[in-house]
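For reference, the structure is listed below as structure tokens.
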Amino acid sequence: MQTVEIWTRHTECIIIWGCNYSAAGIHHLRYILEAKERGVPVVVVDSYVTAVASKADIHLQPLPGTDTALALGMINYLVSSKLHDRDFIERHTHGFEELREAVKEWTLKRTASVTGVPADKIARVAELYATRHSMIECGYGHQRYTNGHQAQRAVSCLAAITGNVGKPGAHCNFMEVGAAYTGFLNSARVQSPANADIKKTRLISISHFGPALRAAGNPPIRAVISWRGALITQQPDVKGMLEAIRKLDLFVCLEQFMTDDARWADIVLPACTMFEQWGIHPSYRHQYLQVQVPVIGPLYESMPDIDFWCELGRRMGYKKYFPKGKTGLDWLKELLPRDFDIKQAMHPKGPVRMPERFCLPVPHMSGRFSTPTGKIELFSVMYEERGKKFPGEWSPLPVYYPPVESRAGDPKRARKYPLHLTSQHPPYRTHSQFYTIPYIYEIDGPPWVGMSRADAEARGIKDGDRVRVYNDRGEAHCTARVREHILKGVVELDSGYYVSTGANANMLMSPRAAGPRDVGAGIMQEYDFQLDGHTIPYNDCLVEIGKAEEV
Amino acid sequence: MALKTKAAFPDERVRQIIEDETPRPAVSLARTPLPKKTTVNGTTVEGVKVIKTACSHNCYDTCGVLAYVKDGRLLKLEGDPDHPITRGTLCVKTYTYPRRVHSDDRVKYPLMKTGKRGEGKFKRISWDEALDHICKKLMRVREKYGSEALVEYCYSGNREFLGKNVSGRFLNLFGASKLVGSF
Ligand code: SF4
């Protein structure tokens with residue numbers, strides 16, 4: 001990931017793709033607006049009119065889940081207009097001829113009809129992008145569909161064929177999750193202590209958590225400890241999840257508030273907030289570090305998370321590995337590189353920039369890539385190889401197919417449930433958190449569903465009406481917000497309302513995961529975070545809406 | 001429309017840009033002295049302790065935070081002006097955080113369910129009782145089904161990494177199923 005303070009200073013054109021900087025990562029918005037003040041054109045690709053989209057010079061508003069088509073259409077237009085960077089392609093990419101052939105079907109006309117974005121707008125953005133030092137900043141928006149991995153591949157290919165890679169201000173950033181995963185944190189040292197007898201166990205994919213709970217047979221899953229998460233609130237198919245929870249022998253929840261998980265637990269344990277315990281949190285997007293110190297002691301009877309696990313460890317017979325009196329700071333030192341001076345990153349000295357070997361400010365400037373071919377693989381040899389080993393959708397060339405649950409992907413289902421539900425992250429909450437804070441509730445208000453005027457009128461719904469959003473899996477009750485800026489056929493219901501509010505979007509969603517690898521119910525022996533990369537297709541769901549009193 | 005010049009960024013120039021735009025790694029960036037007093041709801045409060053920390057919410061700015069503390073209470077939070085990216089501001093969520101920390105709605109002590117699962121009926125118990133109950137159940141589950149019958153569910157509620165690594169140590173020693181991936 002190229003750092004924001006560098007790329008925003010040197011770029012000549014910005015495309016923000018599926019990323020809502022006005023809700024998450026808001027400090028980056030200032031940098032983007034500073035670039036805009038310099039005269040840099042800003043394009044936003046998002047099915048929503050987010051606040052950042054409203055500030056854009058051009059907003060492309062594709063139908064949900066058609067981002068792949070949009071990117072492929074741009075590639076085809078650029079190649080046929082000879083605006084691709086032949087020199088860069090020659091030196092740094094693999095598989096250009098195959099890609100050129102594959103995108104031929106994506107004429108501007110077809111791209112426009114699939115995405116709903118006017119052809120001249122697509123052409124204009126493509127030209128603007130290809131003829132400048134251009135940056136693409138990706139979020140997760142376009143990835144949370146069953147075809148999301150191909151969308152991300154297509155966008156990356158667009159960057160590669162225009163040579164917008166590895167130069168200050170010209171790169172394709174996606175959520176590479178930063179230094180926490182590049183070896184800066186020595187997880188193995190903490191998790192697998194030397195001399196301990198640690199057996200290899202089966203793996204459970206978090207994006208398949210509900211299906212895995214239900215399918216696990218050998219052995220079945222009988223005990224779950226939920227902490228720092230909300231499996232009932234945030235995982236799709238709430239009914240299926242509750243059915244699995246009912247069968248457990250033990251369900252423990254370590255929490256700060258009475259969340260859905262806490263309400264369903266056998267034992268609820270009082271947890272500390274981040275201000276009452278030690279922690280370390282390298283950012284996804286920037287490279288500065290300040291160690292989290294406990295600024296006050298644990299309130300009430302709450303216990304720092306690590307103290308709970310250490311105490312549990314001691315009581316379960318692992319005293320040797322959880323010495324009493326070992327502090328959060330002691331544990332932290334074990335987690336950090338031995339040559340890292342933690343004192344500089346601690347009150348009151350911090351923050352510090354993390355060592356460059358874990359996070360390059362301008363990655364890929366060398367033109368070397370850690371792929372089998374050593375190049376940017378437009379034709380992905382890694383996907384091809386992985387596809388021989390595991391089932392799934394491993395097309396080595398980016399390919400568009402409609403999201404599994406969409407009007408184009410499932411016309412039969414769409415006759416009954418014609419509205420495409422997308423579920424974005426709320427600006428005033430972090431997923432399901434903060435809803436219980438009165439100040440936040442005052443701004444955020446009661447749950448709402450956004451819909452277009454045309455869809456509302458067709459159903460006799462007026463702005464402010466109580467409505468029922470439903471399909472065969474469940475329903476959500478909320479207030480209708482009828483808005484001009486929402487695409488026809490698309491409705492939006494923010495993620496993270498507690499199930500107990502009756503407005504949780506996951507009541508409507510299917511227990512499907514998105515990503516190239518098909519792992520069935522999510523029980524695995526082997527897993528590659530980068531290649532198999534699963535997510536939940538939160539934007540891939542069909543519903544119908546009716547006035548509440550009519551049903 | 002200006003066409004890109006291909007050789008605009010030779011290696012030396014990129015290295016110069018990095019040097020100009022970013023400070024040296026691992027060197028403290030603290031510059032501004034920490035305040036000793038503040039105003040809370042219009043009243044001046046003397047003798048506050050200001051502690052630097054960071055926010056670990058999954059929005060991922062990882063803001064530099066100044067925590068104003070007095071007598072064991074978190075009075076207010078501000079952005080750390082010395083943080084090169086977040087530059088002295090937080091977001092509305094974290095500005096309200098002291099209310100969350102000191103909220104009366106917090107889970108204050110260990111609870112055990114008294115009714116059926118999901119009924120929401122609980123009684124207060126001690127940490128000792130809670131841990132005893134968990135240990136007994138875990139032993140029984142392991143005996144009857146094997147250690148892989150346990151799995152944690154942990155994600156981004158608090159996105160910092162220390163906790164996950166310590167839980168990982170316990171779960172590894174126990175032999176629990178391992179939670180992987182993202183969503
Ligand atoms: S203070 Fe707000 S913007 Fe900053 S990291 Fe925390 S949640 Fe994100």
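Only heavy atoms go into these numbers, but all of them, side chains included; no hydrogens, no water, no symmetry mates. In the text below, chain A, chain B and the rest are named by the order of the sequence lines, each starting its count at 1.
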Using non-hydrogen atoms and a 4.5 Å limit, figure out which bit of [X] sits close to chain B: side chain, backbone, both or neither.
X	answer
A/F251	both
A/R246	backbone
A/L335	side chain
A/A170	neither
A/M258	both
A/I296	side chain
A/I437	side chain
A/P348	both
A/Y428	both
A/A345	neither
A/L360	neither
A/A265	backbone
A/A23	backbone
A/V295	both

Can you confirm whether B/P25 sits close enough to A/F340 that some side-chain heavy atom of one is under 4.5 Å from a side-chain heavy atom of the other?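 Heavy-atom side-chain distance check fails, nothing below 4.5 Å.
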(message) Less than 4.5 Å apart, side chain to side chain, heavy atoms only: is that true for A/R30 and B/T89?
(response)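 Counting from C-beta outward, A/R30 and B/T89 do come under 4.5 Å.
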Carboxylate-amine/guanidinium proximity below 4.0 Å for [X] and [Y]:
X	Y	answer
A/E301	B/R106	no
A/R228	B/E160	yes
A/R9	B/E21	yes
B/D82	A/K349	no
A/D305	B/K164	no
A/D249	B/R140	no

Residues [X] and [Y]: side-chain donor-acceptor under 3.5 angstrom:
X	Y	answer
A/S187	B/N165	yes
B/D61	A/H286	no
B/T22	A/E5	no
A/H534	B/S182	no
A/H281	B/T62	yes

Taking the six-membered ring for Trp, are [X] and [Y] parallel (under 30°), tilted (30 to 60°) or perpendicular (over 60°)?
X	Y	value
A/Y538	B/F183	tilted
B/F9	A/H133	perpendicular
B/F170	A/Y318	perpendicular

Pick whichever of [options] has the most heavy-atom pairs under 4.5 Å with chain B.
options	answer
A/N218, A/D341, A/L332, A/D261	A/L332
A/R285, A/E334, A/R263, A/Q256	A/Q256
A/K199, A/M365, A/E311	A/M365

Fill in: Top contributor to chain A interface from B/L74, B/I125, B/I17 [non-hydrogen pairs under 4.5 Å]
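Of the options given, most contacts go to B/I17.
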inquiry  = Quick check on the interface: out of B/G175, B/A176, B/G118, who has the most heavy-atom pairs with chain A under 4.5 Å?
reply    =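 Among the listed options, the one with the most contacts to chain A is B/G118.
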Run the ring-centre check on [X] versus [Y] and record whether the distance is less than 6.0 Å.
X	Y	value
A/F275	B/Y97	yes
B/H57	A/F434	yes
B/H83	A/H27	no

- Message: So for B/R31, is it side chain, backbone, both, or neither that comes closer than 4.5 Å to the heavy atoms of chain A?
- Response: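 Contact with chain A: none, neither part.
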> Which bit of B/F122 comes within less than 4.5 Å of chain A, counting heavy atoms only: side chain, backbone, both or neither?
Replying inline: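 For B/F122, the contact with chain A is made by the side chain alone.
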How long is the span from the [atom1] atom in [X] to the [atom2] atom in [Y], to the nearest 0.5 Å?
X	Y	atom1	atom2	answer
B/W127	A/S302	CH2	OG	8.0 Å
A/L312	B/F174	CG	CZ	8.5 Å
A/T430	B/N58	OG1	CG	7.5 Å

- Within 45° of the six-membered ring axis of A/Y439 and under 6.0 Å from that ring's centre, is NZ or CZ of B/R100 located there?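 Cation-pi check for B/R100 and A/Y439: fails.
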_B/V151: which of A/I206, A/I221, A/I225 passes side chain to side chain contact (heavy atoms under 4.5 Å, CB included)_ =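 When A/I206, A/I221, A/I225 are each tested with B/V151, the side chain to side chain contact (heavy atoms under 4.5 Å, CB included) holds only for A/I221.
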* To do: Go through B/S56 and A/Q292 one step at a time and tell me if the side-chain hydrogen bond (donor to acceptor under 3.5 Å, both in side chains) criterion holds.
  => CA-CA 8 Å; B/S56 51; A/Q292 291 182 289; 3.0 Å; yes
